[in-house]
Structure formats: structure tokens, C-alpha cells
Amino acid sequence: MTQIAGLPHATISKAVADALSEDLGLVGDITTNATIPETARIRATITARQAGIVSGIEVAHAAFSQINAGTKFHAAKHDGHAIAPGDGLATITGPARAILTAERVALNFMGRMSGIATLTRDYVNAIAHTKATIVDTRKTTPGLRAFEKYAVKCGGGGNHRFGLFDAVLIKDNHIAACGGIEQALKAAHKRAGHLVKIEIEVDTLKQLREVDFAIADCVLLDNMSPEQLREAVNYVNGHALTEASGGVNIGTVAGIAQTGVDLISVGALTHSAPVLDLGLDFNTQE
């Protein structure tokens, strides 16, 4: 499979530290510390309860190692791999207290990320017979965007802009506040650097005809019917990328892709993906 570029170590480390701090509070894991001898050692396996696509292996690894650097983590599956119920994803050996304390944070990250990767793969498979690419949006959990967008890539999708800083996306409210499509595009072109892409949203074919393709790199076709999308793609005729957005679900995505659009943005990938059911099973005492 294609290698997926991983998350920066510093990004993982900070997010995991924050999650562990939230869980441990000021006094730590009072249940584990009260019931488990300090010297106890165990072997445990992260196990899939559902079929899906893995994401978040390194994040889980960080959770265990931050609690105790002496834990050993062996990944049996890697991000982007398909899994079946009962598959072991990783084995952790070491101090029982550390493994028990890190368990929920590790599974929360992996379950959330693997759920996003799994839903993304469903969308990607649904349009595999077309040229379109599934991409995410900024509708992400605050503070966890990097993890959720990484999970989309694990599922075979692509990333839209990361935030407000890395690309220009002129939406309907920008157009209304600026005074029109022509004014908005000219203002963006004047301000944006030569490496910054410019995309503009249109709701109608009439608006599309106002777009200057010498400026716009991409046109977001918002809430258009398949018939309108086909007409829009024909009108653009390769002068810019076309992106369909709005009203996209697993039942409609194939029909949208068949109109010839280049990109289909799906907010549901990150805001509505169910968590993939994973568990931590104790095997034996080490």
C-alpha cells in the first residue's frame, strides 16, 4: 500500500499529554493505583471488535510510552490497513499500572481516528469508478483537526485546506460583504501570494459565468443538482478544478462523482463518523 505521511511527533506528543492530563487530574488513576501492585506486569492486545480501517497506531503508542517509557509497543497492523473483527492491532507489554492508565486515551484516539478512516474508505470505494477525489472540510473537532484530517488520508481520501491560513476560499458571505464575485476575486488575487490557491463558491450557473478563471484555481459548486453539476463541469471545461459540496452522503456520492467533478468535499467524514469499536484485551501476566 502507499505510505501515508505521518503526523509530526510534536503534534502527537502535545495532544496525548493534554488528553492524559484531562483524564488523570491532579492525583492520577486512583482505581488502578489502589488495586494493582506497583510491580505487576502484563501483556495486552488492542483488538478490533469491528471491521474497518486502522488509524492512530502511533498516537496509541505515545499514550502508553508517556505514562511509562518502559512499556513495549509492537504494532501488528499499520495505519491504512483493513482489519476484521478479532484482529490484533498492537501488543503492549510492561507495567500493569501504566497500561491500564493509558488504555482509555489510547483507545479514544484510535477509535475516533479509525472510525473516520473507515467512513472515508466507504466514500472512496463508492466513487472508485470515477475520476473524482473525496476530500474533507474544516468541520472538525476543535484541537484535533490534524488527527482527523490524517485519518481521512488513512482512509484514502484527500485533505482540503487545513485552516484559514493556507488557501483562499471565497464563500457566499464573503461575496455578499465584498460586493460581488468580480470584486472578491480581484481583491483576493491582489492580496494572495503567488503560491496561494484561490477557490470561489458559487450557488448557481449564473454566478459561475461571472468567475474569472484567470484568477480562480478552483470553483466550489454548492448544493447543485447532478444536472447542474454536469452543466457546470462542461462550462468550466478544465480551466479550473471543480468541487461539489452540499447534500453529499453515501447514497448520493456516486451520482455526484459521475457528473465529472474533480473533488467532492464531505463534512460528514469528520463531524459524523462513528467511532470504530476497539478494545484492550489482557493476555497473560508478563
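Between the CE atom of M224 and the CZ atom of R230 there is a distance of 14.0 Å, given to the nearest 0.5 Å. Within the model, atoms CG of L7 and OG of S55 stand 7.5 Å from one another, a figure rounded to the nearest 0.5 Å. Within the model, atoms CG of L221 and OG1 of T242 stand 6.0 Å from one another, a figure rounded to the nearest 0.5 Å. Annotation: the span from L278 atom CG to T47 atom OG1 amounts to 9.0 Å, rounded to 0.5 Å. L269 CG to I116 CD1: the interatomic distance, rounded to the nearest 0.5 Å, is 8.5 Å. Here OG1 of T31 is found 10.0 Å from CD1 of I36. Values are rounded to the nearest 0.5 Å.
A pairwise comparison of heavy atoms in V168 and A188 identifies CG1-CB, 4.0 Å as the closest pair. In terms of heavy-atom proximity, A257 sits nearest to T130 at CB-OG1, 3.4 Å. The nearest pair of heavy atoms linking V59 to F109 is CG1-CG, 3.5 Å. Of all non-hydrogen atoms in A63 and V105, the two that sit nearest each other are CB-CG1, 4.1 Å. When every heavy atom of L263 is checked against every heavy atom of V135, the shortest pair comes out as CD2-CG1, 4.1 Å. V124 and G155 get closest at one heavy-atom pair: CG2-O, 3.9 Å.
Of the candidates T141, T270, N159, T141 is the only one forming a side-chain hydrogen bond (donor to acceptor under 3.5 Å, both in side chains) with E148. For the side-chain hydrogen bond (donor to acceptor under 3.5 Å, both in side chains) criterion with D136, the lone passing option out of K153, R161, K149, R145 is K149.
Using a 4.5 Å heavy-atom threshold, the side chains of T140 and F147 count as separate. In this structure, D172 and D222 have side chains that are not in contact, with every pair of non-hydrogen atoms separated by 4.5 Å or more. Looking at heavy atoms from C-beta onward, L205 lies out of side-chain contact with Y235 at the 4.5 angstrom threshold. The shortest distance between side-chain heavy atoms of D217 and E199 does not fall below 4.5 Å. Side-chain contact between M113 and D79 is absent, with no heavy-atom pair separated by less than 4.5 Å. A heavy-atom distance below 4.5 Å is found between the side chains of F64 and I46. With a 4.5 Å cut-off on side-chain heavy atoms, L119 and V266 do not count as touching. Looking only at side-chain heavy atoms (C-beta outward), V152 and Y123 stay at 4.5 Å or farther from each other.
Connection of V54 to L276 is established within a shared hydrophobic cluster, with ILVMFWY side chains joined at heavy-atom distances below 4.5 Å, either directly or through further cluster members. In the hydrophobic cluster analysis, where Ile, Leu, Val, Met, Phe, Trp and Tyr join through side-chain heavy atoms closer than 4.5 angstrom, I198 is grouped apart from L169.
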Task: Audit row: R191, V196, side chain to side chain contact (heavy atoms under 4.5 Å, CB included) steps and yes/no - done: CA-CA 10 Å; R191 179 68 179 267; V196 177; over 6 Å; no
Task: Stepwise side chain to side chain contact (heavy atoms under 4.5 Å, CB included) test for E182 and E210 - done: CA-CA 7 Å; E182 181 181 358; E210 298 178 44; 6.0 Å; no
Task: Full working for salt bridge (charged side-chain N to carboxylate O under 4.0 Å, His left out) between R209 and E231 - done: CA-CA 11 Å; R209 295 185 187 98; E231 188 172 344; 3.5 Å; yes
Task: Chi angles and distances behind the side chain to side chain contact (heavy atoms under 4.5 Å, CB included) call for T91, R43 - done: CA-CA 7 Å; T91 300; R43 176 186 176 90; 3.7 Å; yes
Open item on the list: Determine whether S245 and S265 satisfy the following criterion, side chain to side chain donor-acceptor pair (under 3.5 Å), listing intermediate values before the conclusion.
Closed with: CA-CA 5 Å; S245 181; S265 52; 3.2 Å; yes
- [ ] Show your working on side chain to side chain contact (heavy atoms under 4.5 Å, CB included) between Q207 and I181 and close with a plain yes or no.
- [x] CA-CA 8 Å; Q207 284 186 317; I181 288 175; 3.6 Å; yes
Open item on the list: Using the rule given for side chain to side chain donor-acceptor pair (under 3.5 Å), can you reason through Q258 versus H129, listing the C-alpha separation, both sets of side-chain angles and the distance that settles it, and then say yes or no?
Closed with: CA-CA 9 Å; Q258 288 164 2; H129 59 295; 2.9 Å; yes
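When atom types are taken as modelled, the side chain of R121 and the backbone of C154 share a donor-acceptor pair closer than 3.5 angstrom. One N or O on the side chain of S114 and one on the backbone of M110 form a donor-acceptor pair closer than 3.5 Å.
The aromatic rings of F213 and H239 lie parallel to each other, with less than 30° between the two planes, well short of the 60° mark. H81 and H78 have perpendicular rings, their planes meeting at more than 60° on a 0 to 90° scale where under 30° would count as parallel.
Counted within 6.0 Å of NE2 on H271, heavy atoms from surrounding residues, nucleotides or ligands total more than 12; the atom is thus considered enclosed.
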